[in-house]
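Quick notes on the structure that follows.
Not measured: the values here are computed from a predicted model.
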Amino acid sequence: MDKKLVLRTPEERFDNLPDYPFAPHYLDLSDSGFDALRMHYVDEGPADGPIVLLLHGEPTWSFLYRKMIPPLAAAGYRVLAPDFIGFGKSDKPVDRKAYSYRGHVDWMKQFIDALKLTDITYFGQDWGGLIGLRLVAEMPDLFARVMVGNTGLPTGDQNLGEAFKQWREFSQTTPQFNIGGIIKRGTARGLGDDEVAAYDAPFPDETYKAGARIFPNLVPASPDDPAANDQRAAWKSLMAFDKPFLTCFSDKDMIMRGGEAIFKKLVPGATGQNHFITENAAHFLQEDAGPLLAEKMIAFIRAN
């Protein structure tokens, strides 16, 4: 299939989403493989406020942050929540080969450069951590603080575990990739039907889901993975990152639980921070504890 083929979800698919009143903003990205790629992002709070960057994971989109955006904006921060290419209101290349780990990092670098972002406080979960931590490692001068939960930065030298391998196999082979249902099962509280529908909204049919399906295959799983060297270089940078670094992993995430230990051990900026376990929360902790996370993030910024 021609990798230049790009789908754009009809805007009416996003009508009347629960608790998501945010005006859309768009940025055109350049990529040699495409005529154009449009990235969507939420931009709330005072335009001159300190920057808070919220990066979602897979297979979610900025809807995931609807409980965190309002309190952060009300506290005086300019809150930016982009949708990765392939997700949410952003454009969706149809060919899975159009997506790469390096490509996602470079698309986000364009976003940061285009909006001239500096002194960034960043929150990342799941692939929002895999991509965001690479940004921190490769552009550390632009980041003031980091807060992460339920994520990692694998180099391909570790065993990712049987549960992840099963998830990866499922994502590549199931005829129907039921995104709203997947996210519901990744929460502790569950989701209402309208929330499940909101997570399904970006994907009118299976042809829109190439980016969501391929993400598990882009996690480095062997020492010779195409991303392995970049990951090792990122860890080298993070092991010298002495700006404030806070972890908030969940107690009910069966795959990522305990993943904070490596960051607390190796990242200098994690020393002395008020790390916490997000209680009664599963993988998508923003769904289970969004207001608490926003409260903790505001305290983190004000203390550092």
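The CZ atom of Phe300 sits 14.0 Å away from atom CZ of Arg302, with the distance rounded to the nearest 0.5 Å. With values rounded to the nearest 0.5 angstrom, Arg96 atom CZ is found 11.0 Å from Leu218 atom CG. Here the CD1 atom belonging to Ile179 is positioned 9.5 Å from the OG1 atom belonging to Thr60, to the nearest 0.5 angstrom. Once rounded to the nearest 0.5 Å, the distance linking NE2 of His104 with OH of Tyr99 reads 7.0 Å. Atom-to-atom distance recorded for Asp31:CG and Trp107:CH2 is 6.0 Å, nearest 0.5 angstrom. Atom CZ of Phe111 sits about 15.0 Å away from atom CG of Asp106, to the nearest 0.5 Å.
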**Study point:** Lys252 and Asn280: CA distance, side-chain angles, deciding distance, side-chain contact (heavy atoms from CB on, under 4.5 Å) verdict
**Key:** CA-CA 6 Å; Lys252 297 184 184 303; Asn280 298 314; 3.6 Å; yes
Review point. Where do Ile182 and Phe170 land on the side-chain contact (heavy atoms from CB on, under 4.5 Å) test, with the steps shown first?
Key: CA-CA 11 Å; Ile182 289 167; Phe170 172 81; 4.2 Å; yes
Review point. So Thr121 and Leu53, side-chain contact (heavy atoms from CB on, under 4.5 Å) or not? Walk me through it.
Key: CA-CA 6 Å; Thr121 299; Leu53 177 64; over 6 Å; no
Exercise for review: Show the numbers, then the answer: is there a side-chain contact (heavy atoms from CB on, under 4.5 Å) between Lys97 and Ile214?
Suggested key: CA-CA 8 Å; Lys97 296 185 181 68; Ile214 199 60; over 6 Å; no
Check your understanding: Can you list the steps and then say if Arg102 with Glu138 is a salt bridge (charged side-chain N to carboxylate O under 4.0 Å, His left out)?
Key -> CA-CA 12 Å; Arg102 178 79 256 172; Glu138 295 179 19; 2.8 Å; yes
Point to revise | Intermediate values then yes/no, side-chain hydrogen bond (donor to acceptor under 3.5 Å, both in side chains), Lys92 and Thr9 | key: CA-CA 8 Å; Lys92 301 170 182 68; Thr9 304; 2.9 Å; yes
Exercise for review: Would you check, one step at a time, whether the test side-chain hydrogen bond (donor to acceptor under 3.5 Å, both in side chains) holds for Asp253 with His283?
Suggested key: CA-CA 5 Å; Asp253 187 338; His283 185 63; 2.6 Å; yes
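For the pair Tyr101 and Pro220, the minimum side-chain heavy-atom distance is below 4.5 Å. Side-chain contact check for Phe123 versus Gln286: some heavy-atom pair is nearer than 4.5 Å. Side-chain atoms of Asn178 and Asp200, non-hydrogen and from C-beta on, do get closer than 4.5 Å to each other. Asp126 is not listed as a side-chain neighbour of Asn150, based on a closest heavy-atom distance of 4.5 Å or more. Using a 4.5 Å heavy-atom cutoff, the side chains of Glu162 and Gln166 are in contact. When side chains are defined from C-beta on, Leu117 does not count as touching Leu142, because their heavy atoms never get closer than 4.5 Å. Side-chain contact between Gln125 and Leu64 is present, with at least one heavy-atom pair separated by less than 4.5 Å. A 4.5 Å side-chain heavy-atom check between Leu238 and Leu153 finds at least one atom pair inside the cut-off.
Hydrophobic clustering of Ile, Leu, Val, Met, Phe, Trp and Tyr side chains at less than 4.5 Å, counting indirect connections, unites Met239 with Ile262. Hydrophobic cluster membership differs between Ile277 and Leu292, with clusters built from Ile, Leu, Val, Met, Phe, Trp and Tyr side chains linked at under 4.5 angstrom. Neither Tyr26 nor Tyr41 shares a network with the other; the hydrophobic side chains, linked directly or stepwise wherever heavy atoms of I, L, V, M, F, W or Y lie under 4.5 Å apart, form separate groups for each. A continuous path of hydrophobic side-chain contacts links Leu266 to Val146 [ILVMFWY only; heavy atoms under 4.5 Å].
Heavy atoms of other residues, nucleotides or ligands lying less than 6.0 angstrom from CG of Asp205 number more than 12. Atom CD of Gln172 is surrounded by more than 12 heavy atoms from other residues, nucleotides or ligands within 6.0 Å. Other residues, nucleotides and ligands contribute at most 12 non-hydrogen atoms within 6.0 Å of the CG atom of Asp35.
No side-chain N or O of His25 forms a donor-acceptor pair with one of Asp43 less than 3.5 Å apart. Counted by atom type alone, His40 and Ser90 present zero donor-acceptor pairs between their side chains at under 3.5 Å. Counting only N and O atoms by type, the side chains of Tyr65 and Glu44 include no donor and acceptor under 3.5 Å apart.
The aromatic ring centres of Trp61 and Tyr20 sit less than 6.0 Å apart. Note: Phe215 and Trp127 meet the aromatic proximity criterion, with ring centroids under 6.0 Å apart.
Between Asp251 and Arg257 no salt bridge is recorded (no basic side-chain N to carboxylate O distance below 4.0 Å). A salt bridge links Arg134 with Asp230: the distance from a Lys NZ or Arg NE/NH1/NH2 to an Asp or Glu carboxylate oxygen falls below 4.0 Å. Residues Glu195 and Arg189 are paired through a salt bridge, judged by an N-O separation under 4.0 Å between the basic side chain and the carboxylate. In this structure, Asp113 does not pair ionically with Lys109, as no charged nitrogen and carboxylate oxygen lie closer than 4.0 Å. A salt bridge does not link Glu295 to Lys67: none of the charged side-chain nitrogens sits closer than 4.0 Å to a carboxylate oxygen. In summary, Arg66 and Glu287 engage in a salt bridge, as defined by a charged side-chain N under 4.0 Å from a carboxylate O. The existence of a salt bridge linking Asp157 and Arg232 is confirmed by a sub-4.0 Å separation between a basic side-chain nitrogen and an acidic carboxylate oxygen. Between Lys89 and Asp83, no side-chain nitrogen of the basic residue sits less than 4.0 Å from a carboxylate oxygen of the acidic one, so the salt-bridge criterion is not met.
Tyr208 and Phe203 make their closest contact through O-CD2, 3.5 Å (heavy atoms, listed as atom of the first residue, atom of the second, distance). Contact between Pro223 and Ala228 at its shortest, heavy atoms only, is O-CB, 3.3 Å. Here the shortest heavy-atom pairing between Ser250 and Ala281 reads CB-O, 3.1 Å. The two atoms that bring Ala75 and Ile298 nearest to each other are CB-CD1, 3.7 Å, heavy atoms only. For Leu191 against Gly180, the heavy-atom pair with the smallest separation is CD1-O, 4.4 Å. Shown here for Pro93 and Ala210, the closest heavy-atom pair between the two residues is O-CB, 3.6 Å.
Each of Leu133, Leu135, Val148, Thr151 was scored for a side-chain contact (heavy atoms from CB on, under 4.5 Å) with Leu55, with one residue passing: Leu135.
A cation-pi contact, defined as under 6.0 Å to the ring centre and within 45° of the axis, links Lys296 to Phe276.
His56 and Phe84 have tilted rings, their planes meeting at an angle from 30° to 60° on a 0 to 90° scale.
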